[in-house]
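The structure appears below as structure tokens.
The sequence lines fix the lettering, A, B, ..., with proteins before strands; numbering per chain opens at 1.
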Number of protein chains: 2
Amino acid sequence: MIIQESDSMPRKPSYDRNKLIEQARDLFWTRGWAGTSLKDLEAALKMKPGSFYAAFGSKENLFDLALQKYASDGRMRLQLLSDHHGPLGALQRLPLLVISSDDAPAKACMLSKTLLELQAHGHPLAERASDLLLEMEAQFCALFEQAQTQQLISTARKPQDLARRFQSDLLGLRISAERNGINATLIAEELVRGLASL
Amino acid sequence: MIIQESDSMPRKPSYDRNKLIEQARDLFWTRGWAGTSLKDLEAALKMKPGSFYAAFGSKENLFDLALQKYASDGRMRLQLLSDHHGPLGALQRLPLLVISSDDAPAKACMLSKTLLELQAHGHPLAERASDLLLEMEAQFCALFEQAQTQQLISTARKPQDLARRFQSDLLGLRISAERNGINATLIAEELVRGLASL
DNA sequence: GTCTTTCTTGAGTGATCGCTCAAGTATATT
DNA sequence: AATATACTTGAGCGATCACTCAAGAAAGAC
């Protein structure tokens, strides 16, 4: 029941907590909140109920950790993209990246999936997803602002509006990519073309 | 157990089947598949379990009926819009309409919500939603084709591509509209502006 | 080796899930 | 009124849900 309380540890946990959170994130990402049972988690993480609850407290708490990991990984990836290719280059590369990365367990955005599933229930996790979506939008906004400052795009439209529109299109693209028999690459390329002509 | 089998009926059902399906559709639309329990349905439709199963067979079957009603109502609405305002007018009016209609129980598209929730489980209802999304896309495609034939928009891009992009943006718009604190009207207006300059 | 602290185990909790069915009730036909 | 047929009722089914906890196993401290 107590994980890592005292400094001198008689017995260390036999797992890598961070890896477990990543595995849980992948499961939740693909199957959603209600679609992921504790049996699923126990099987994927190879943990018995007791260990699971000692380590994470509850399914809800683990989902929250998974959401935060999802968001912070995404944020870091975009930041890296911006470091290497500039603000506009990052925004242009993102659409194709999110729908073609092979290691991701799903194409659709985990935040939007969570929001759609749980918002109607007033579930705390929906609010968390909502907050993280706002953070994402703010990051987009900052990049558009930099792109304008560096005169890479026109200043005709407010960065805030550009960011909102971009995020909306991106969410739509990622749903389209989740569908079978839809060539989302074409949509992504059009989206990027739209960015180029701003 | 037998509903409407013989012509001469000793006792007619006391409910309006179509209205029940609409009520169920609204519940499923907002709360999703797993998020809607039979207790919820029994309360909303004012039916005891026995009547429910006599009338609809199963929760899954009712959800299927609800999906079909959702899709056919949407299809008819768009057709009416086209009759009154032409193909381009219909496509231009749709975005603002779907995010601002007060009678709809949710902003996001029920088909996309169903797809996102159930696709990973290989659930039959996800396949149904997928089929209906394809039908919707086909309807968009036909309207874009008519708009080109009537020389309302350029023929530079294939109607199929225009339809796919439009549907993708619309799905994104509707998710954005579902969020709190997001002014989706601005996104919708931009989307419509994009259509005007095709 | 002994002790102490912590992690692991898994049978089992009450609650809720979708669903069944035997009994009761209502109505058109005769 | 009697009968036949079909709808309504609601207690309760087995299965699964997220979760608990007492007992056992492992490892650092001494």
Side-chain angles (χ1 to χ4, degrees), chain A residues 1-21 23-24 27-28 31-67 114 117-118 120-121 123-125, chain B residues 1-21 23-24 27-28 31-67 114 117-118 120-121 123-125:
Chain A
M1 188 158 290
I2 298 161
I3 306 282
Q4 303 251 47
E5 190 162 85
S6 69
D7 292 348
S8 64
M9 287 236 307
R11 189 177 176 183
K12 292 174 189 169
S14 64
Y15 47 73
D16 179 339
R17 185 178 168 82
N18 201 49
K19 278 200 174 160
L20 289 182
I21 293 175
Q23 284 170 6
L27 252 189
F28 283 132
R31 308 176 76 87
W33 167 254
T36 308
S37 71
L38 248 103
K39 258 185 115 177
D40 294 334
L41 287 165
E42 287 162 21
L45 309 193
K46 279 163 195 158
M47 292 179 96
K48 307 298 172 187
S51 295
F52 179 92
Y53 282 91
F56 301 115
S58 69
K59 181 187 171 187
E60 180 174 334
N61 189 60
L62 178 56
F63 195 103
D64 196 50
L65 291 171
L67 271 185
T114 303
E117 184 182 358
L118 299 178
H121 298 0
H123 197 294
L125 290 170
Chain B
M1 191 160 291
I2 298 162
I3 307 281
Q4 303 252 46
E5 189 162 87
S6 69
D7 293 347
S8 64
M9 286 235 310
R11 188 176 177 186
K12 292 175 187 168
S14 64
Y15 47 73
D16 180 338
R17 184 177 169 82
N18 201 49
K19 279 203 173 157
L20 289 183
I21 292 174
Q23 283 170 8
L27 252 188
F28 282 133
R31 308 176 74 85
W33 167 252
T36 309
S37 71
L38 248 105
K39 258 184 114 178
D40 294 333
L41 287 165
E42 285 161 24
L45 310 193
K46 280 163 194 158
M47 293 179 95
K48 308 295 172 188
S51 296
F52 179 92
Y53 281 92
F56 300 116
S58 68
K59 180 188 172 187
E60 179 173 337
N61 189 59
L62 179 56
F63 195 103
D64 196 50
L65 291 171
L67 270 185
T114 303
E117 183 181 0
L118 299 178
H121 299 27
H123 198 293
L125 290 171

### Task
Remember a base hit wins even if backbone is also touched, and classify Ser51(B) as base, sugar-phosphate or nothing at under 4.0 Å, heavy atoms.
base
### Message
Rounded to whole Å, how long is the line connecting atom CG of Leu45(B) with atom P of dG10(D)?
### Response
16 Å
### Task
Take atom CG of Leu125(A) and atom P of dA18(D), then tell me their distance rounded to the nearest Å.
13 Å
### Task
Remember a base hit wins even if backbone is also touched, and classify Tyr15(B) as base, sugar-phosphate or nothing at under 4.0 Å, heavy atoms.
sugar-phosphate
### Query
Counting only N and O atoms by type, is there a donor-acceptor contact under 3.5 Å from the side chain of His123(A) to the main-chain atoms of Leu125(A)?
yes
#### Entry: Nearest-nucleotide 5' precedence on DNA chain D, Pro49(B) against Leu38(A)
Pro49(B)
### Query
Quick one: Phe52(A) CZ to dT20(D) C1', roughly how many Å, whole number?
14 Å
### Query
Are Tyr53(A) and dC19(D) close enough that a side-chain N or O sits under 4.0 Å from OP1 or OP2?
yes
### Summary
Looking only at heavy atoms, the pair that brings Ala24(A) and Leu62(A) closest together is CB-CD2, 3.6 Å
### Summary
When rounded to whole Å, the CD to P distance for the pair Glu42(B) and dA11(D) reads 12 Å
### Interatomic distance where NZ belongs to Lys39(A) and P belongs to dG12(C) [whole Å]
16 Å
#### Entry: Trp33(A) or Lys46(B), whichever maps to the more 5' nucleotide of DNA chain D
Lys46(B)
### Minimum-distance pair of heavy atoms, taken over all atoms of Asp40(A) and Gly35(A)
OD2-O, 3.6 Å
### Task
Report the relative orientation of the aromatic rings in Trp33(A) and Phe28(A); use parallel for angles under 30°, tilted for 30 to 60°, perpendicular for over 60°.
parallel
### Query
So, Glu117(B) side chain and Ala34(B) main chain: donor-acceptor pair closer than 3.5 Å or not?
yes
### Query
Just how far, in rounded Å, is C1' of dC19(C) from CE of Met47(B)?
14 Å
### Query
Rounded to whole angstroms, how far apart are CZ on Phe63(B) and P on dG18(C)?
13 Å
### Task
Would you kindly give the CG-to-P distance between Leu41(B) and dG18(C), to the nearest whole Å?
8 Å
### Message
Under 4.0 Å from OP1 or OP2 of dT8(D): is there any side-chain N or O of Lys48(B) that close?
### Response
no
